[in-house]
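Every number for a ligand or one of its atoms is a count from 1 in the order of the listing. All values derive from a computational prediction rather than experimental measurement.
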Amino acid sequence: VEIATEDGITGWGEAFGPPELTAPVVAWLAPLVIGQDAMAREAIWQALYNRLRDHGQRGLVVEAISAIDIALWDIAGKALGLPVYRLLGGPLRMEVEAYATGFYRRERDDHLRYLVEEAEQRRAEGFATLKLKTGWGLKQDIALTRGFRAAIGPDCGLLVDCNHAYDAPAAIAFGNAVADCDIGWFEEPVPPEDIAGYLEVKARQPIPVAGGEASFARWGFLESITRRSVDILQPDVAACGGISELKKIADMANAFGMRVNPHVWGTGVTLAASLHLLAVIPDNPPGLFPRPPLLELDRSPHPVRDAVTSMPPVSATGRVRVPEAPGLGVQVDRDALARFKA
Ligand code: CA
C-alpha cells in the first residue's frame, strides 16, 4: 500500500495476505482514509475497524488495515524526520538477533540431505538458530527432526514449525518423541482456532509452544493471552493490525508474562516495520539476564521481495540493525514494483 500526502510525503505499507484478495479491501477502505489527517493514525485505525467490525474482525480486512497503518507510521516518521522506533519511544535495542526461516520442502526425495546443506549455509552466514518446517506426517516429522538435530550438532539453536498440521494428540506425540532434541519452541502445533488444543499441547509435552501469526487485532489475541494458550506469542505486523496494534498486543502479552517474537514474512516493508517494533518490545523476563525478542528472517529465495525492497544486511554474528532513516527507513523500487504488477 502506498499513501501519498498533499505535501508530498509517501508512506509504504504491506499486507500479509494474498495481494489479489487484500487489494480490493484496501481499495474499499481508501475513501475512508483519503482527506484525513495522516498523523491521526490511531483515529484512522479505529474508524476503519469500526466500519467493518460486523464483517471483518479477522483475516483480509485486518490485513488491509495493517498495511494502511504501517504506511501511516512511515508517513509520520518522514514528516517528523524521525525513525519509527523513536516515535514508539525506543530504542531498547538497536540490534536484534535473527533466526533463519526457510527449510521449505522441495520436489525431491532426499529431504534431510538438502535441509542439512541449507543449514550449513545459514550457519556459515552467522545464524545461531534455525527454524525447521515440519508437517509432513507424524512419523516422517519425527525422523526428520531427529536427523536434522543430529546433523547440525548440539550447539545450534533449533525451532520447529508445523504450520498447524496436527491435531492435539498428534502434536503431543510429536513433542514427546523429539523431547531430547533441545527445541526452542514448537510453532503452530494445532489450528489457530483451537485454543483448547493449544492448552492440551502445552500441558502434555515439554517443548514451549509458539503461535499467533493467524490471529488478528487485540480481541483476536485476548483469549490466547489471558488463557496463556502459548508460551511465545507471534503476532505479524502485516496481519494483526499494523504497528499500532502489534504494540498493544505485545503490551497485553507482557502483562501476562509471555514472550513476544513477531512473525515476519514479506518484503523489506514488513521487515522494517517489525524491526522498529523489535526495538521496543520488552525483554521477557525482565532482569539481569533478559531474553530479548528474536527477528524471524526468511532466507529462502524470493524474487519479488529481493527486487522490490532493499533488505538490511545480516552481520557475521546473525544480527540485524534497526533502520535509522526517517519513517520505516526502507526504499521501494518502483520499476521493480511495476514489473511485478504487470
Ligand atoms: Ca510459522
Just wondering, are more than 12 heavy atoms of other shown residues or ligands nearer than 6.0 Å to CG in Asp109? no
Confirm or rule out an N/O/S atom of Glu188, from backbone or side chain, lying less than 3.0 Å from the Ca ion (ligand 1). no
Could you go through the salt bridge (charged side-chain N to carboxylate O under 4.0 Å, His left out) check for Arg291 and Glu97 one step at a time? CA-CA 11 Å; Arg291 190 199 324 261; Glu97 185 187 332; over 6 Å; no
Are the side chain of Asp283 and the backbone N or O of Pro286 linked by a donor-acceptor pair below 3.5 Å? no
Could you tell me if Trp12 and Asp74 have a donor-acceptor pair between their side chains, going purely by distance under 3.5 Å? no
For the Ca ion (ligand 1), give me the closest N/O/S atom belonging to Glu187, just the atom name. OE2
Angular separation of OD2 (Asp161) and OE1 (Glu213) seen from the Ca ion (ligand 1), to 10°: 160°
